[in-house]
Amino acid sequence: MKLIRHIALTTMLTIGAFSAITYTSCNKDNCKDVVCQNGGTCNSTDGSCSCATGYEGTTCGTLSRDKFVGVYTGTETCTVGSDNYTLTLTANSDAIKLTLTNLYNEGFTATCTMTGTNTFSFTGSNTTTTTVDYSGTGTLTDNTITIAYTISGATTNTCTFTGTK
């Protein structure tokens, strides 16, 4: 009788171990063949890449800033006045930065830092005659850019520039 119990217990333990090994081997490693670039990390749930700020795409291989580069013609509305002009965004030597020129239609230049796939922020200063400080954010939707910022110096003005490539 002891022999039958011993054989039954051994059989149950063997089946349990085999079942555990079979069950765990069925759990697929979704990130096994996924290589996320530029600091991106793989999501083990579905094998997709979560990209670092400034990058996008299936494997995070695309610079988000590249779609911003260009000349935008548009209208600016401020708390004091409005204007029509062009501004330019160019790639910076830093992969997640852009250079914005002709802000406020005064030739002001600012360095922009990507904050998301379609957004950036910036600060800048110009000391031609008096010190003028400016800071704001930009958003790109399709080919339309919206830049909201505040400029201060001799006077303070809050503006929104909306333009297209």
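For the single chain, residues carry numbers from 1 onward in sequence order.
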Handout entry: Pair listing, disulfide bond (SG atoms under 2.5 Å apart) test, anchored in residues 114-165, at least two apart
Key = C78-C159
Exercise for the section: Output every pair passing disulfide bond (SG atoms under 2.5 Å apart) with a member in residues 83-125, not counting sequence neighbours, ordered by first then second residue. Expected result: none
Once side chain to side chain donor-acceptor pair (under 3.5 Å) is applied, do any residues pair with [X], and if so which ones, sequence neighbours excluded?
X    : answer
S82  : none
T119 : T115
T75  : N84
S125 : D133

Problem - Residues in side-chain contact (heavy atoms from CB on, under 4.5 Å) contact with T41, at least two apart in sequence or another chain - result: S50
Exercise for the section: Please identify each residue that fulfils side-chain contact (heavy atoms from CB on, under 4.5 Å) with D46, with sequence neighbours left out. Expected result: N43, S48
Fill in the blank from the handout: Scanning both residues in full, the closest heavy-atom pair of A110 with Y134 reads CB-CE1, 3.9 Å
Problem - Any residue meeting ring pair (Phe, Tyr, Trp, His ring centres under 6.0 Å) with Y72, in chain and number order, not counting sequence neighbours - result: none
Exercise for the section: Apply ring pair (Phe, Tyr, Trp, His ring centres under 6.0 Å) to Y149 and list each qualifying residue two or more places apart in sequence or on a separate chain. Expected result: none
Problem - Residues in salt bridge (charged side-chain N to carboxylate O under 4.0 Å, His left out) contact with E76, at least two apart in sequence or another chain - result: none
Side-chain donor-acceptor pairs of residues 101-108 under 3.5 Å, sequence neighbours excluded:
unit_1, atom_1, unit_2, atom_2, d
T101, OG1, T88, O, 3.4
N102, OD1, G107, N, 3.0
N102, ND2, T86, O, 2.6
N102, ND2, N105, OD1, 3.3
Y104, OH, N157, ND2, 3.0
N105, ND2, D83, OD2, 2.8

